[in-house]
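Structure record follows, encoded as structure tokens.
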Amino acid sequence: MTEAERYDAVVIGSGEGGKYLAWDMAQAGQKVAVMERRWIGGSCPNINCLPSKNEIWSAGVAHTVAHAGEYGVVAGPVSVDMKTVVARKRAMVESLVAFHLERYEATGAELVMGNARLVAPGTIQVALNDGGMRRLATEKLFLNLGTHATIPPVPGLAETRPLTHIEALELDRLPAHLIVLGGGYVGLELAQAYRRFGSRVTVVDRGPRLLKREDEDVSDEVRLILEAEGVEVLLSAEVANVEGRSAGSVRVTVRTPDGSRMIEGTDILVAAGRTPNTRGIGLEEAGVALTDPGTIKVNDRLETTAKDVWAIGECAGSPQFTHASLDDFRVIRDNLGGGDRTTTGRLMPYCMFIDPPLARIGMSEAEARANGMDMRVAKLPMKAVLRTRTTSQTAGFMKALVDPQDRIAGFTMIGSEAGEVMAVVQAAMLGGLPYSVLRDAILAHPTMAEGLNALFGNVAKR
Ligand SMILES: Cc1cc2nc3c(=O)[nH]c(=O)nc-3n(C[C@H](O)[C@H](O)[C@H](O)COP(=O)(O)OP(=O)(O)OC[C@H]3O[C@@H](n4cnc5c(N)ncnc54)[C@H](O)[C@@H]3O)c2cc1C
């Protein structure tokens, strides 16, 4: 057995929080190594956020050109070349990987490409991708392991070789009929994108509505938007079995309240949740306890049950967003520097990049009600925001929750540029401003954010 090489810090997984932590510690002069088995920079730049938004943008261009006539622009027949769509995405990913390699070089953090496992507390063994093994002993260990797409145990599903988001974002051909299992944000973003590229698309969800964490009016609006573009949405549909082979012919039998039904398609995409990458790599043997769903048990400082071991991002059960993983880095960095920062009560915004997008920050109406909270709710249809009249993008609405102290407790928007408008509300929430500040602010005309004047003007007086 070779002697372990000694490090001040080792990060397993080069996701968002882990890489920033590694770069930060290395820049401060510590000896740091990051173990990564495949994706340099983690999932976000390689297979998740940025590749999906890249291809969604191509789909948006296809949609705009197909509807050019409505804007008085004559564009001729539209066809989509998926090979070019994918090539554009790959070029972006390559440039992002190059950026990450430069950061490793510049900071001095060592990137080790291989599959890591814990062989004893503080001792990691890496099976190197280009052959051989290394053993590292570290003072501090950070786990940024991420998750992978869950393939539910539906009879026949695995045998069809379904697409996950990874393969869907690598398709250089257009599926004739894509069946999407799962009505969450990953499934819906890709469903709309493939519809816009020209596929027939059917979304199947076992729940009675899409986006179960959102308010019902949000789920309904999103469904209307997708259906208006020709995406078929099948709800309360429990998949009983799947037959055939994706990239050929698949048959999905679902049980609905109206009886059994079979859907025939050419391709099947599974977007039915995530499974943490925490099993079989020696965590529990090294004293790192897992929760029931398999995430790593952490406290609100992201400390695990093992001494000097922290967890970051999705594997720690943090909200499944890149910016959450980034904030996990800040929590750990600040506490290591003697600070006192926790994950409790974080204001976590998010955006679903369908078109028009959905953005939310803070509480939903249903959450407020479930907690017995006294909230005033104000709503504004997007067509009341004059900017939308100029762009013909009138679908959606804004909704705000205001607490008895006049603070904004939640904001949801489905509408063009929702993510950008949400950031304005977020700044007000972070500053603890009363809603009346946005109601009375002079906002540039005609912008989407201008709608905040009218939205908060609709808050009932106390
Ligand atoms: C299709 C899709 C679209 C998304 N879009 C968005 C979006 O628009 N905005 C947003 O905020 N979030 C989005 N997300 C979620 C987001 O990608 C993640 O929350 C984010 O990347 C943070 O991940 P992480 O830091 O937890 O880990 P990851 O980035 O997943 O990093 C974990 C890394 O650990 C490596 N690893 C795991 N085990 C080992 C091991 N034993 N040895 C070596 N290496 C290992 C993995 O290869 C991986 O690179 C999307 C997710 C999906 C699936």
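The analysis underlying the following values was restricted to heavy atoms, covering all of them including side chains, and did not include hydrogens, waters or symmetry mates. Counting starts at 1 for both ligands and their atoms, following the listed order. Keep in mind the model is a prediction, meaning the values are calculated, not measured. Quick note: residue numbers are just sequence positions, from 1.
- Residue Ile12 holds its CD1 atom at 10.5 Å from CZ of Arg37, rounded to the nearest 0.5 Å.
- Listed by number with element, the atoms of ligand 1 under 4.0 angstrom from any heavy atom of Met35 are 43 (C), 44 (N).
- The parts of Ala116 lying near ligand 1 are both backbone and side chain, judged by heavy-atom distances below 4.0 Å.
- Side chains of Ser416 and Gln393: a donor on one and an acceptor on the other come within 3.5 Å.
- For Lys53, every heavy-atom contact with ligand 1 shorter than 4.0 Å involves the side chain, none the backbone.
- Between the side chains of Ser58 and Glu55, no donor-acceptor pair of N or O atoms lies under 3.5 Å.
- Counting heavy atoms under 4.0 Å from ligand 1, residue Asn48 touches it through both backbone and side chain.
- Ligand 1 has no N or O atom lying under 3.5 Å from any N or O atom of Glu189, backbone or side chain.
- Other residues, nucleotides and ligands place more than 12 heavy atoms under 6.0 Å from the NZ atom of Lys53.
- Residue contact annotation: Ala316 has no non-hydrogen atom under 4.0 Å from ligand 1.
- Using a 30° and 60° split on the angle between ring planes, His100 and Trp23 fall in the tilted class, from 30° to 60°.
- With a 6.0 Å radius and a threshold of 12 heavy atoms from other residues, nucleotides or ligands, Arg38 has its CZ atom at or below the threshold.
- No donor-acceptor distance shorter than 3.5 angstrom exists from the side chain of Lys399 to the backbone of Thr412, with no hydrogens or angles considered.
- Counting only N and O atoms by type, the side chains of Thr150 and Thr275 include a donor and acceptor under 3.5 Å apart.
- The option from Cys315, Gly282, Ser318, Ser325 that lies nearest to atom 25 (O) of ligand 1, judged by heavy atoms, is Ser325.
- At under 3.5 Å, not a single nitrogen or oxygen of His165, backbone or side chain, sits near a nitrogen or oxygen of ligand 1.
- Residue Ile281 places no N or O, backbone or side chain, under 3.5 Å from any N or O of ligand 1.
- Closest heavy-atom approach to atom 19 (O) of ligand 1 within the set His148, Glu16, Lys19, Glu314: this belongs to Glu314.
- Both the backbone and the side chain of Asn144 come within contact range of ligand 1, each with a heavy atom under 4.0 Å.
- In this structure, Tyr350 does not count as a contact residue of ligand 1, since none of its heavy atoms falls inside 4.0 Å of the ligand.
- By the criterion of a heavy-atom distance under 4.0 Å, both the backbone and the side chain of Ser43 are placed next to ligand 1.
- Within the structure, ligand 1 lacks Arg117 among the residues with a heavy atom less than 4.0 angstrom away.
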